[in-house]
Amino acid sequence: MQSVRRVVKIARVIGIGLAILIVGLITTLAIRVEEWRTGDQGLSPLAYTPGQAYAVPRRLWIDTDAACGYSERTDPDDCFAIALLAQESDLDVVGISSVFGNAPREVVDETTNELSDRLAAQLGRKFSVYTGSSTAFESQPLTTRLPAHAALIAALEAGPLTIVALGPLTNLATVLLERPDLSSRVAHLIAVMGRRPGHIFHPAEGADAGILFGHGPVFRDLNFMLDVPAAARIVSMNLSMTLIPYDAARGVEITHNDLDRLTASGSAISWVAGRARPWLRYWQEGIGREGFYPFDLLAAAYVMVPSHFGCARVQAWVGKDPTLFIPFWQPTALLITQSSDRIENATASTSVSYCGKASAELKALLIDRLVF
């Protein structure tokens, strides 16, 4: 009888706790948009300078979780990025590797191969696509070497590479675990991830959004969060690295008119634009903006025109964000600081370039280059 009472008491305590948590979350979301802590409000500004072109080889490797148009909530950004880089004749795209992320790896394979075939038919040169990791870094059998891993190893053995990572860093972490001697062949890594402490990715940011009490959804730093150990391993290796974060994409918004122009081109990019329509509708109806932020496209843009970015030399580390209050949850993040603040409890840290600002002219330049 006493044990039954104890169970009932514990259940009552848990129920009360859950009720308090739910009420707290609903109350937080119900606060007016302009009063909610979102975006970069209240954060100290970074001292940006124009991005500089690195003296890196034009041999390029693209690592992608492209699943453009797989569902309404699947962004088309990877496909835009691949198309932009593929049509640049000065670049030698040595290979493209798939990785899980926006969708299961099999979907990424199918999407990337179809885009590669369309680009090859139009541009007259083949882009090799290699199957990569379907699960996170620490869950992969150490004895498994996938086609993407073998191909990336061979490409690094052949010479230095610039690697544009549009998804989780699983493939690169796996390759450098097996062959740490090849880390010196990674001439430069461009990764779509990273944020400042206290920054919430909140794309509505004052817009009249249609869901979540008018706030719109809160986005994760997806590429980092999907494989934290892989990112931590790469950060610990002190590679030459540029982070293209959520911040940068906020300066470029792809609208209905932009997709119309890309569709009218009749090229491979028109196929991408068609698959981007559901994503645009989601941003218009669910988030409340006229267009969407093309996150991964900005990483490709940095390769092409780094001078259109504001960049800051910062210290990046993997750890907890002490400034961000989320009840009962303090996720690990890839954080950056430009100040001399002491970094505590970091599992990995390194110096990187953080390119969080895009020029006002960048969008028009990108649309012009995508229409080919």
Side-chain angles (χ1 to χ4, degrees), residues 49-64 78 81-82 84-99 125 127-130 132-133 137 148-194 223-224 230-245 248 296-309 311-316 334 336 348-356:
T49 58
Q52 300 295 317
Y54 286 82
V56 296
R58 305 301 280 175
R59 296 180 72 240
L60 197 72
W61 187 278
I62 304 171
D63 192 50
T64 181
D78 290 68
I82 293 168
L84 182 69
L85 294 171
Q87 57 88 27
E88 179 56 50
S89 58
D90 288 344
L91 294 175
D92 177 15
V93 180
V94 176
I96 303 174
S97 51
S98 65
V99 66
R125 58 183 185 276
F127 301 95
S128 299
V129 178
Y130 302 95
S133 300
F137 176 60
H149 305 155
L152 182 52
I153 286 173
L156 288 168
E157 288 177 335
L161 282 177
T162 298
I163 298 177
V164 181
L166 306 176
L169 295 176
T170 314
N171 286 328
L172 183 58
T174 301
V175 163
L176 296 183
L177 175 65
E178 178 181 345
R179 292 289 304 276
D181 58 300
L182 292 177
S183 62
S184 62
R185 295 295 184 94
V186 180
H188 197 67
L189 170 64
I190 301 164
V192 184
M193 59 180 63
N223 292 340
F224 172 79
R233 178 168 182 81
I234 294 303
V235 169
S236 71
M237 301 187 78
N238 295 313
L239 304 176
S240 175
M241 187 172 180
T242 292
L243 300 179
I244 305 294
D296 298 307
L297 176 59
L298 273 288
Y302 177 79
V303 176
M304 313 275 284
V305 284
S307 61
H308 280 266
F309 287 80
C311 301
R313 199 66 193 171
V314 301
Q315 192 71 14
L334 177 57
I336 65 97
S349 65
T350 191
S351 176
V352 304
S353 181
Y354 181 87
C355 297

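Using a 4.5 Å heavy-atom threshold, the side chains of Ile82 and Thr64 count as touching. The shortest side-chain heavy-atom distance between Leu239 and Ile163 does not fall under the 4.5 Å cut-off. Within the 4.5 Å cutoff, the side chain of Leu85 has heavy atoms near those of the Met304 side chain. By the 4.5 Å heavy-atom criterion applied to side chains, Ser353 and Arg313 are counted as neighbours. The side-chain heavy atoms of Trp61 and Leu156, taken from C-beta on, include no pair separated by under 4.5 Å. Put simply, the side chain of Leu161 does not reach to within 4.5 Å of the side chain of Arg185, judged on heavy atoms. With a 4.5 Å cut-off on side-chain heavy atoms, Leu189 and Met241 count as touching.
Rounded to the nearest 0.5 angstrom, Asp181 CG and Leu176 CG are separated by 9.0 Å. Put simply, CZ on Phe224 and CD1 on Ile234 are 12.5 Å apart, with the number rounded to the nearest 0.5 Å. Atoms CG and CD1, from Leu60 and Ile96 in turn, are 9.0 Å apart once rounded to the nearest 0.5 Å. The OG1 atom of Thr170 sits 9.5 Å away from the CG atom of Leu172 when rounded to the nearest 0.5 Å. Distance check, rounded to the nearest 0.5 Å: OG of Ser349 to CG of Asn238 gives 7.5 Å. Separation of atoms CD1 (Ile62) and OG1 (Thr162) is listed at 11.0 Å; rounding is to 0.5 Å.
Taking all atoms of both residues into account, the shortest heavy-atom contact from Tyr302 to Ile190 is CD2-CD1, 3.8 Å. Shown here for Ala191 and Leu169, the closest heavy-atom pair between the two residues is CB-CD2, 4.4 Å. Across Ala148 and Ser97, no two heavy atoms sit closer than the pair CB-CB, 3.6 Å. The shortest heavy-atom contact between Thr242 and Cys355 is CG2-SG, 3.7 Å. Scanning all heavy atoms of the two residues, the minimum distance from Met193 to Gly167 falls at CE-O, 4.4 Å. In plain terms, the two heavy atoms of Ser236 and Arg233 that are nearest each other are OG-O, 2.6 Å.
Remark: side-chain polar atoms of Arg59 are paired, donor with acceptor, to backbone N or O of Gly159 under 3.5 angstrom. The backbone N or O of Val192 lies less than 3.5 Å from a partner atom in the side chain of Asn223, making a donor-acceptor pair. Under the 3.5 Å distance criterion, the side-chain polar atoms of Gln87 are matched with a main-chain donor or acceptor of Leu84.
Under the rule for a side chain to side chain donor-acceptor pair (under 3.5 Å), the partners of Ser133 that lie at least two apart in sequence or sit in another chain are Gln140, His149, Asn171.
Looking at His188 and Ser240, their side chains do bring a donor and an acceptor atom within 3.5 Å of each other.
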Criterion side chain to side chain contact (heavy atoms under 4.5 Å, CB included) on Leu152 and Tyr130, from CA distance to verdict: CA-CA 9 Å; Leu152 182 52; Tyr130 302 95; over 6 Å; no

